[in-house]
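Have a look at the structure below, then the notes.
Remember, it's 1-based here, ligands and their atoms both numbered in the order they're listed.
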Amino acid sequence: MPIQTLPTSPFHDQRPGTSGLRKKVTVFAQKHYLENFVQALFDVLPDASGLTLVVGGDGRYYNRVAVQTILRMAAAKGYARVLVGQGGILSTPAVSAVIRAYGASGGIVLSASHNPGGPDGDFGIKYNIGNGGPAPEKVTEAIFARSKELHEIRISDGADIALDVLGDTLLDGMQVSVIDSVATYAELMRTLFDFDAIRKLFASGFRLRYDAMNAVGGPYAKAILEGELGAPAGSVVNAVPLEDFGGLHPDPNPVNAEDLIGHMFAPDAPDMGAASDGDADRNMVVGRNFVVSPSDSLAVLAAHAKLVPGYAKGLAGVARSMPTSTAADRVAKSLGIPCFETPTGWKFFGNLLDADKVTLCGEESYGTGSNHVREKDGLWAVLFWINLVAASGKTVEALVRELWTEHGRCVYSRHDYEAIPTDKADTLMAGLRASLSSLPGTTVGGCAIALADDFAYTDPVDGSVSQKQGVRVILTDGSRVVFRLSGTGTEGATLRVYLERHEPDASRHDMEAQTALKPLVDLAETLAHIRALTGMEQPSVMT
Ligand code: G1P
Ligand code: ZN
C-alpha cells in the first residue's frame with residue numbers, strides 16, 4: 001500500500017503561538033514531531049478532495065526535509081494538488097499571494113521568521129487559510145487539542161519530489177506543481193505600483209541598498225528591483241537565502257542590520273536603505289543619515305497612499321497594533337478615515353481587511369501591509385516607499401519630517417528583556433495587573449496617570465473578544481508605557497516595554513529617543529520592578 005498508517009504517541013507541547021508553532025530544530029527533528037503537528041492540522045481540516053494546498057518556506061535548515069514530509073502527508077490526506085515553491089522556497093507574503101491567486105484552500109508556511117536558523121537554530125510551521133492569512137485562534141486551538149491525542153499518522157511512501165525542477169509530478173494521485181517562487185508575487189506588485197515611475201527614478205541615478213540578510217527576501221528583491229526596475233546590479237546585498245542566514249540575525253532593526261545602518265550613515269550613503277527579515281514579511285526603511293521608525297513608516301504610507309496606483313482611490317481605514325505609536329491615528333483623523341487598534345500579531349488585521357474596513361495596517365515591530373495579501377509584506381513596503389519618493393520627488397527624510405511638522409512627532413522606543421525565567425516574567429506581569437486599578441488619577445515620579453488597563457479587544461467583525469493583550473499605562477499628556485510578554489520567543493520569556501511620547505514641536509532638536517523617553521523608562525521601572533525581578537540592569541535590545 002502506498003499510503004501508510006503509522007502508529008505514534010502524541011506530543012503535548014504543540015500549542016501554536018501568535019505566529020504558528022516555533023521550536024528548536026532539535027525538537028522538530030524528533031521522530032514524528034513534525035508529522036504529529038501536520039496530522040493534527042489535517043485531522044482538523046475538512047475533506048481535501050478537489051482542494052489545492054500551497055507549501056513553502058524561508059529556506060532555513062530543515063525546510064527541504066519538512067517540505068518532502070508535508071507533500072507525502074498531503075497526498076495521504078487526499079489533496080488534489082499541492083503548489084510548492086521552487087527549492088521549497090516561498091516568502092511568507094508570497095505564500096499568501098499564491099493562495100489567493102490560485103484559489104487554494106490554504107497553505108503551510110515553514111519559517112521561524114527572524115529567529116536564528118541552522119541545526120541549533122529554530123524552525124517553525126503555521127497554517128494559513130483560504131484568504132491567505134494565518135488561521136484564526138479557534139483553528140490553531142483545535143490543532144493543539146488534536147496534537148495531544150492522535151495515535152496515528154497517515155503518509156505516502158512515495159519518492160522525494162525534485163523540488164528544484166519546475167513542473168508537475170504525481171505523488172499517489174496528487175499533483176505536485178513546483179512553481180516559480182517569485183512570479184505570482186511579482187505579478188501582484190505590478191498591479192499595485194507605478195513600475196514605470198520607479199524605473200525612471202533608478203534611471204535618474206537613485207541609489208538603493210537592500211539588505212536581504214541572507215534570507216528569503218533576496219530572490220524577490222533581486223528579481224523585482226534589479227531584474228525589472230533597473231536598480232543597478234549589487235543594489236540587493238546578502239541576496240542568497242542560506243540555511244543558517246550566514247550567521248546574521250535577519251530581524252531588521254538598527255541593531256541587527258548594523259551593516260546597513262553603517263552604509264546609510266557613511267559620507268557616500270545611498271538615497272535609501274532597506275532590509276527584510278527571515279521570511280521577508282518584515283521591513284526596515286532607512287533614509288540617508290536617517291532611521292525611519294516603523295510606526296512613522298505606517299503613518300507616512302497612509303498619508304500619501306493616493307500617490308500609489310494600487311491605492312489611488314484612497315484608504316478605507318488603517319489599523320495598528322496597540323503598542324504601535326499613535327502616529328497613524330493622527331494621519332487617519334486628518335484623512336477622515338477610521339483607525340483601529342488591535343492586539344499584537346498580524347491575525348487581528350485579517351478580519352478588518354476581509355471586511356474592507358481597513359486598507360493598510362502595521363506594527364511597531366517592522367511589519368507593514370495592506371489588503372493585497374493577508375500577511376505583512378517586507379518588499380511591498382519598500383516598493384511603496386520607492387514609489388512615494390518617485391511620485392513626490394521628496395527624500396525619505398523629507399517625507400518623515402513633513403509628517404512630524406503636520407502631526408507632531410511620536411518619539412518611540414521598545415525595550416526588550418530577553419530570556420527571563422518564565423516564572424519571574426509571570427510574577428512581574430501579575431504584579432502589574434494587580435496594581436492597575438489603583439493607578440489612574442495618581443502621579444508617579446512626576447508622571448500623571450490618566451488610564452491603566454489590560455488591553456482587551458472586541459473584533460468589530462466577528463465580535464470575538466481577546467483579553468489580557470498587554471498592560472497599558474497612559475498619562476494625561478497621551479504618553480504611554482505598554483508592557484507585554486512576547487508570544488514568539490523560544491527561550492524563557494521576553495518582556496517588551498513600549499514607550500511613546502508625543503512632541504507637538506517637530507523642530508525640537510533634543511528628541512533623541514532614549515533621552516527624551518527617560519521619564520517613561522523610570523516610570524516603567526517604578527511600576528514593574530524590572531531590575532529586581534529579572535536581575536537585568538539593562539534591556540537586551542533597544543530599538
Ligand atoms: C512579535 C512582534 C509582533 C509580530 C510578531 C510576529 O511578536 O512583537 O508585532 O506580529 O512578532 O512577527 P511577540 O514576540 O512580541 O509576541
Ligand atoms: Zn517574519
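A side chain to side chain contact (heavy atoms under 4.5 Å, CB included) with Asn131 holds for exactly one of Val373, Asn351, Asp354; it is Asp354.
Every N/O-N/O distance between Thr344 and ligand 1 stays at or above 3.5 Å. Residue Lys376 has at least one nitrogen or oxygen atom sitting less than 3.5 Å from a nitrogen or oxygen atom of ligand 1, judged on distance alone.
Which parts of ligand 1 touch Arg496 is read off a 4.0 Å heavy-atom cut-off, strictly below it: atoms 8 (O), 13 (P), 14 (O), 15 (O). Below 4.0 Å from some heavy atom of Ser365 lie the following atoms of ligand 1, by number and element: 2 (C), 3 (C), 4 (C), 8 (O), 9 (O). Atoms of ligand 1 lying under 4.0 Å from at least one heavy atom of Ser19, given by number and element, are 6 (C).
Taking the six-membered ring for Trp and thresholds of 30 and 60 degrees, Tyr62 and Phe28 have ring planes inclined between 30 and 60 degrees apart. Between Tyr185 and Tyr220, the angle of the ring planes goes over 60°, which puts this pair in the perpendicular group of the 30/60° scheme.
Counting only heavy atoms from C-beta outward, the side chains of Arg330 and His502 approach each other to under 4.5 Å. Side chains of Ile125 and Ile108 form a contact here, defined as non-hydrogen atoms less than 4.5 Å apart. Side-chain contact between Thr368 and Asp377 is absent, with no heavy atoms from C-beta onward closer than 4.5 Å.
With hydrogens and angles ignored, the 3.5 Å screen pairs no side-chain donor or acceptor of Lys376 with any backbone N or O of Ala381. Using modelled atom types, one side-chain atom of Glu500 and one backbone atom of Thr326 make a donor-acceptor pair closer than 3.5 Å. A donor-acceptor pair under 3.5 Å is formed between the side chain of Thr534 and the backbone N or O of Ile530.
For Asp279, the N/O/S atom at the shortest distance from the Zn ion (ligand 2) is named OD1. No other N/O/S atom of Asp277 lies as close to the Zn ion (ligand 2) as OD2 does.
Residue Asp251 does not count as close to the Zn ion (ligand 2), with no N, O or S atom under 2.8 Å.
Here the angle centred on the Zn ion (ligand 2), running from OG of Ser113 over to OD1 of Asp281, is 170°, rounded to 10°.
For the residues Glu363, Arg484, Arg282, the heavy atom positioned nearest atom 11 (O) of ligand 1 is part of Arg282.
Judged by the shortest distance from any of its heavy atoms, Arg414 lies inside the 4.0 Å radius around the atoms of ligand 1. Heavy-atom separations between Gly345 and ligand 1 include at least one value shorter than 4.0 Å.
For atom 16 (O) of ligand 1, the closest heavy atom belonging to the protein is Gly487 N, 2.6 Å. Nearest protein heavy-atom neighbour of atom 7 (O) of ligand 1: Thr488 CG2, 3.5 Å.
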